[in-house]
Amino acid sequence: MSFLKTAVTPGSTEPSILEKNDVGVLKTPLPAPASTSQVPEKPTLTTQQQSKYDWLLKQAKGWTEVHSTAGKNGPLTDSEKMWLTKECLLRYLRATKWHEKEAEKRLLETLTWRREYGVEELTPDQISPENATGKQVILGYDKHCRPCHYLNPGRQNTDVSPRQVQHLVFMLERVIEHMPAQQETLSLLINFKQNKNRSNTAPGIGQGREVLHILQTHYPERLGRAMIINVPWVVWGFFKLITPFIDPLTREKLKFNEDMTQYVPKEQLWAEFAGGELQFEYDHDIYWPALQGVCAERRADRVRRWEAGGKQIGETEDYLKGHEVQGVSSPVHSPEANTQVAITA
């Protein structure tokens, strides 16, 4: 397997988000993968796959409405068009084993779900109480430059409610924004370590099935690997109950109680995992605004590039992330605007 070196956006003006206390303990997300991390090179599309993608892209460019039975019908918005990147369409094609009509059906269903669920309407202030104890943390990158998304069920601080699932969706959107160029998957690290206030760290079966449905249906091909430690017997029971609902390809990505340094550089692996050397302490008042600030900056940059590239459905994510200067079509703005895009990219 060939690899690509870690993609770093040239000329980036993103401010440093590193903040440590007096003893060198990190309290904010890491801004980039380790210099030794590499993204596996993606295989080139076959002639047949390219043909199926071209068909799906043509269909997507013809979509004008998002249908809804919840009173949220309406024209396709700019943000929904920007979501329909080349890589997004390819993810749904891969998830449906290259059945292009099924991929079209699922894309339209996800557009409806995102609007009805209110994915883009979830706000940091609304979700903040759920993360006050650091039960979800985006921190560091694995050896394939996937952002690491930590789940800490032992830090659960709220009762079962729809907001708990909204919290996961909100954080998934943020971890996607942390994916560097050329990488479109994440590493999930789950630590079932118990604390004195909470011994049962397994979610309910109903909530577990709901989360699985959302992940497998509306975030296909996003999980690169899931690493799970400190699994108590009650959680093993939970996994056995939900295993029939987990896609076989997803099950292959689950790693239980393994040496996580096989997958994550020691210097970027939270020290709560054996072998990890990253000293990190969750301080909500510091981490939460830092995370939101970085994500807002990256979203704004991508919107600017998408607009400069002509607001194309099927735009490449590498262009939106600044790795490529040119989008899928010639910029529609003036030469001065084009120069600015090249500079900021």
Side-chain angles (χ1 to χ4, degrees), residues 17 26-34 37 39 91 119 122 124 127-128 130-157 163-180 183-193 201 203 207-208 210-216 218-231 235 239 246 250 253-256 258 260-265 267-273 276 278 280-282 284 287-288 290-295 298-299 317 321:
I17 58 171
L26 186 70
K27 293 193 174 185
T28 53
L30 289 171
S37 295
V39 182
R91 284 190 289 272
V119 172
L122 298 173
I127 301 300
S128 177
E130 289 290 341
N131 214 64
T133 56
K135 64 188 179 189
Q136 292 192 39
V137 175
I138 300 168
L139 181 69
Y141 297 80
D142 75 5
K143 292 182 178 181
H144 288 173
C145 300
R146 301 183 186 103
C148 293
H149 184 184
Y150 291 86
L151 304 186
N152 303 296
R155 300 189 180 203
Q156 181 60 265
N157 62 322
R163 193 177 65 181
Q164 286 189 343
V165 182
Q166 291 172 341
H167 177 212
L168 179 63
V169 170
F170 179 85
M171 293 297 279
L172 279 172
E173 294 289 316
R174 305 293 78 78
V175 77
I176 288 169
E177 289 168 345
H178 272 72
M179 292 175 184
Q183 181 56 266
E184 53 185 300
T185 62
L186 63 92
S187 274
L188 196 62
L189 294 90
I190 308 176
N191 185 357
F192 281 99
K193 179 181 178 181
T201 54
Q207 188 182 69
E210 179 185 4
V211 168
L212 271 177
H213 172 74
I214 289 174
L215 294 178
Q216 294 181 163
H218 303 302
Y219 293 90
E221 299 290 305
R222 283 300 197 180
L223 180 65
R225 183 176 287 115
M227 296 166 271
I228 306 159
I229 64 169
N230 294 319
V231 185
V235 175
F239 275 114
I246 302 178
T250 301
K253 299 174 182 178
L254 303 180
K255 307 294 181 183
F256 291 91
E258 292 192 13
M260 301 309 175
T261 60
Q262 297 178 79
Y263 311 112
V264 185
E267 67 272 21
Q268 294 224 351
L269 178 64
W270 193 356
E272 290 209 356
F273 283 68
L278 179 58
F280 173 81
E281 177 183 306
Y282 188 81
H284 191 65
Y287 178 89
W288 195 246
L291 175 69
Q292 308 313 322
V294 169
C295 290
R298 293 179 179 181
R299 280 197 302 275
E317 292 177 3
K321 295 174 183 179

Starting at CE of Met227, measure out to CD of Glu258 and round the result to the nearest 0.5 Å.
-> 9.5 Å
To the nearest 0.5 Å, atom CG of Leu223 lies from atom CG of Leu188 at 6.5 Å
Go through the steps for Leu269 and Tyr263 under the test side chain to side chain contact (heavy atoms under 4.5 Å, CB included), then give the verdict.
-> CA-CA 9 Å; Leu269 178 64; Tyr263 311 112; over 6 Å; no
Closest non-hydrogen atom pair, Val175 against Ile138 | N-CD1, 3.5 Å
What distance separates His218 NE2 from Leu172 CG, expressed to the nearest 0.5 Å?
-> 12.5 Å
Using a strict cut-off of less than 4.0 Å between a Lys/Arg side-chain nitrogen and an Asp/Glu carboxylate oxygen, indicate whether Glu317 and Arg91 qualify as a salt bridge.
-> yes
May I ask you to test the His178-Pro29 pair for a side-chain heavy-atom distance under 4.5 Å?
-> yes
On a heavy-atom basis, the closest approach of Glu267 and Ala34 is OE2-CB, 3.7 Å
With distance as the sole criterion, is a donor-acceptor pair present between the side chains of Asn191 and Asn152 under 3.5 Å?
-> no
Identified ring-ring contact (aromatic ring centres under 6.0 Å, His included) counterpart of Tyr150 within the set Tyr282, Tyr287, Trp270, Phe280 | Trp270
If you look at every heavy atom in Asn131 and His284, which pair is closest and at what distance?
-> O-ND1, 3.3 Å
Looking only at non-hydrogen atoms, find the nearest pair between Leu151 and His149 and report the distance.
-> CD2-NE2, 3.6 Å
Atom pair CD1 (Ile127) and CD (Gln166), whose distance is rounded to the nearest 0.5 Å = 5.5 Å
Determine, step by step, whether Arg163 and Phe170 satisfy the side chain to side chain contact (heavy atoms under 4.5 Å, CB included) criterion, reporting the C-alpha distance in whole Å, the side-chain angles of both residues, the deciding distance to 0.1 Å, and the verdict.
-> CA-CA 10 Å; Arg163 193 177 65 181; Phe170 179 85; over 6 Å; no
Any donor-acceptor N or O pair under 3.5 Å, side chains Arg225, Ser187 = no
Sequence-distant partners of Lys255, side-chain hydrogen bond (donor to acceptor under 3.5 Å, both in side chains), two or more places apart = none
Determine, step by step, whether Lys135 and Met171 satisfy the side chain to side chain contact (heavy atoms under 4.5 Å, CB included) criterion, reporting the C-alpha distance in whole Å, the side-chain angles of both residues, the deciding distance to 0.1 Å, and the verdict.
-> CA-CA 11 Å; Lys135 64 188 179 189; Met171 293 297 279; over 6 Å; no
First locate atom CG of Asp142, then atom CD of Gln183, and finally report the distance between them rounded to the nearest 0.5 Å.
-> 7.0 Å
Distance-minimising heavy-atom pair for Pro33 and Gln268 = C-NE2, 3.6 Å
When every non-hydrogen atom of Arg146 is compared with those of Thr185, the smallest separation belongs to NE-OG1, 2.9 Å
Show your reasoning for whether side chain to side chain contact (heavy atoms under 4.5 Å, CB included) applies to Gln292 and Arg174.
-> CA-CA 8 Å; Gln292 308 313 322; Arg174 305 293 78 78; 3.7 Å; yes
Do we see a donor-acceptor contact under 3.5 Å between the side chains of Glu130 and Ser128?
-> no
Side-chain heavy-atom pair Thr28, Val294 within 4.5 angstrom cut-off = no
Does a side-chain heavy-atom distance below 4.5 Å link Ile214 with Leu168?
-> no
Measuring from Ile229:CD1 to Phe273:CZ, what's the distance to the nearest 0.5 Å?
-> 4.0 Å
